[in-house]
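Following: one structure in structure tokens, then a few remarks.
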Amino acid sequence: MAEKQIIARFAPSPTGYLHVGGARTALFSWLLARHAGGKFFLRIEDTDLARSTEQATVQLLDDLRWLGLHWDNAELIYQSKRTPIYNAIIERLIAEGRAYKAYETREELDTLRKEAEKQKRTFIYRRPQLTEEQIRGFESEGRPSVVRFAVPVKDYSYRDVVLDKEVTMPAGQVQDFVIRKADGMPTYHFAVVVDDAETGITHVLRGQEHLLNTINHIALQQALGYPQPIYGHLPVIENPDGSKMGKRDRDKMVRQRSQTWMKTFRKSVDELAAACGLSSARLVEWINDSKKQLDFSEQAVVMQAIGLPESDLPEIMVHDFRKKGYLREGFLNFLSLLGWNPGGDRERMSVDELVQLFSIEGIGKSSAKFDRAKLLAFNTDTAASMPAEKLVGSLRSYLAVNPGSPLNHASDADLRKIIEMKRGFRTLRELDETTRLFFIADADIQYDPAAIEKVLKKNDGFAILGDIHGILVDVADWSAAELEKRIEEFCQQKQLQLGKVAQPIRVAISGTTVSPSIFQSMEFLGRDRTLKRIEQCLALGSKAN
Ligand code: GLU
């Protein structure tokens, strides 16, 4: 008999940017499908109307495209557009007595939960025995209701292929869960089951937080006569200190820096609140409770008030890594090793090799550490081994999310040149920052006062720069080699070390004391722009005198 084709999927909820954990889930599912020549589907789980946004979906698709994790369904599946399909099934379950409307308010449920807590037992929701009259009463008073699935009470279990063990739930712990919310939308638990079945999903790889949810899903599959996919729950990704890596880490950093800010400037929480235009109550609540998180817009105003730049926050989202100049190839390789290995101590693999080597058996059971130094080393190696042509494409993709970079004005040929000039760079951001001097207007060079002081005002810097200008105006062959020869001759003649001459030129053309090789930089800028920058710098010297 022919083996069944593997169909895997990634089913994100579009409530924010795609984070590292989600990207790793997508990657493993994609690798599983590609390795087996199967299919990989993408589904947008946007049934939580309050938290899902269109913008998050757009961003998510963009991140997945950047990662190169292409999906095989021609049309994207949006759960929010499929309510009639879910409702038809829910109505059928209700008609068959296997699902029912439940009318408790949140407060009533809380009271029940607290009562159970007092009696030191876990709260288990089972179908309340309502009379026809009670139901009529609730309906006529217009009480909102949810629909719950009457889970058949029995022991449940399934085999988790990653953990390589049975996950079980004894009959006593089984409870009726909500399948349609009061707003008329299906819950995640319901929609996920229907959609996995409808699209023929054979393998579900997802985060550990779903380990027990899977029991609910299996109960529903059995009730609806659906086949049961193979389930594997992926290891948790941790920070080096053992805490779970997540969006929370960014919030933590903002809180720490806010506290430092208040201490340094002797400010109270109220003053901080006023500085960012937030309510004091909200800020006090957040600063004192590490479980509370600011939302995106609140975070932005606090960061602005305390002068915390975005670049200081730890990268958690795929978008952050892309923006910081990580290359997709090295990033995917790094992600793949968060909980998986191909055996032996092999670590560096191309995407094709990952596809070839991937297997569920290679996924580990214990949590994976997110080692930023290792990621940086991967990135450096990846950049070093990539042909310049390909790096130009990567740089364009980096620039697309860094619209403020002056490199956006560069031609492909120029980008190629700077890549060759700066070979050995660690990230595209580093390449960007160290070469933007070539792509900004001469008049926009910002001269760092400390550099002017140290390099030009001392040790005859301005005088040397003036002499060099006199030599450079006569250089006809404006190549790095010729410029090097002429400047070395000058150094010999004046008995000066190269640095004493190169540094003033560097400050003149870049405004700072760091730039790529000075001769290559001059060649790149060309004769006119180099001389112009030296002249405008010399003008600063005469102003100073
Ligand atoms: N929408 C769910 C989430 O983002 C998907 C879980 C699953 O893969 O079933 O966590």
Side-chain angles (χ1 to χ4, degrees), residues 6-33 38-61 63-64 67 69 71-73 76-83 86 158 160-163 167 177-179 181 185-221 224 226-237 244-248 316-319 339 360 363:
I6 286 188
I7 306 181
R9 62 20 168 221
F10 179 50
S13 305
T15 55
Y17 283 96
L18 178 65
H19 55 82
V20 162
R24 196 263 319 254
T25 301
L27 173 64
F28 283 15
S29 304
W30 182 86
L31 286 172
L32 178 70
K39 296 243 178 286
F40 171 71
F41 292 154
L42 177 64
R43 177 172 76 228
I44 306 298
E45 301 209 322
D46 55 350
T47 53
D48 186 342
L49 297 179
R51 295 181 62 229
S52 305
T53 67
E54 181 60 32
Q55 196 209 346
T57 306
V58 171
Q59 186 63 53
L60 202 105
L61 301 183
D63 288 339
L64 288 172
L67 289 169
L69 303 180
W71 49 97
D72 298 317
N73 40 325
L76 264 186
I77 307 157
Y78 287 87
Q79 288 186 329
S80 60
K81 295 184 184 157
R82 291 168 46 79
T83 27
Y86 307 125
Y158 70 94
D160 183 296
V161 285
V162 167
L163 300 172
V167 179
F177 58 91
V178 178
I179 55 176
K181 295 174 278 186
M185 294 301 282
T187 56
Y188 153 68
H189 297 303
F190 187 77
V192 78
V193 167
V194 172
D195 292 347
D196 280 345
E198 222 176 79
T199 48
I201 301 302
T202 60
H203 290 68
V204 173
L205 296 181
R206 59 186 173 195
Q208 293 263 339
E209 65 273 22
H210 294 294
L211 194 70
L212 289 179
N213 289 340
T214 301
I215 298 282
N216 286 353
H217 303 172
I218 287 170
L220 263 175
Q221 280 153 4
L224 294 168
Y226 294 157
Q228 181 180 318
I230 290 170
Y231 286 100
H233 294 90
L234 304 174
V236 172
I237 303 175
K244 186 173 180 223
M245 187 181 176
K247 292 179 209 169
R248 205 166 273 283
I316 310 285
M317 315 295 170
V318 169
H319 187 73
I360 289 183
I363 305 176

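Count residues from 1 along the sequence. Just so you know, ligand 1 is whichever comes first in the structure, and atom 1 is the first atom listed for that ligand. Note that the coordinates shown come from a computational prediction; the quantities given were computed from them, not determined experimentally.
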| remark: Residue pairs passing the side chain to side chain donor-acceptor pair (under 3.5 Å) test with at least one member in residues 42-51, sequence neighbours excluded, are Arg43-Glu45, Arg43-Asp196, Glu45-Gln79, Asp46-Ser80
| task | Answer yes or no on whether Arg82 is positioned over the face of Tyr78, meaning its NZ or CZ is under 6.0 Å from the six-membered ring centre and within 45° of the axis. | result | no
| field | side chain to side chain donor-acceptor pair (under 3.5 Å) involving Asn73 - partner list, sequence neighbours excluded | value | none
Donor-acceptor list for residues 14-22 side chains, cut-off 3.5 Å, not counting sequence neighbours:
| unit_1 | atom_1 | unit_2 | atom_2 | d |
| --- | --- | --- | --- | --- |
| His19 | ND1 | Gly21 | N | 3.2 |
| His19 | ND1 | Gly22 | N | 3.3 |

| query | Listing by chain and number, which residues have a heavy atom under 4.0 Å from ligand 1? | reply | Arg9, Ala11, Pro12, Ser13, Glu45, Tyr188, Val192, Arg206, His210
| field | Matching residue for His217 among Phe177, Tyr226, Tyr188 - test: ring pair (Phe, Tyr, Trp, His ring centres under 6.0 Å) | value | Tyr188
| message | Given 3.5 Å as the limit, does a donor-acceptor pair link the side chain of Asp72 with the main chain of Phe40, or not? | response | yes
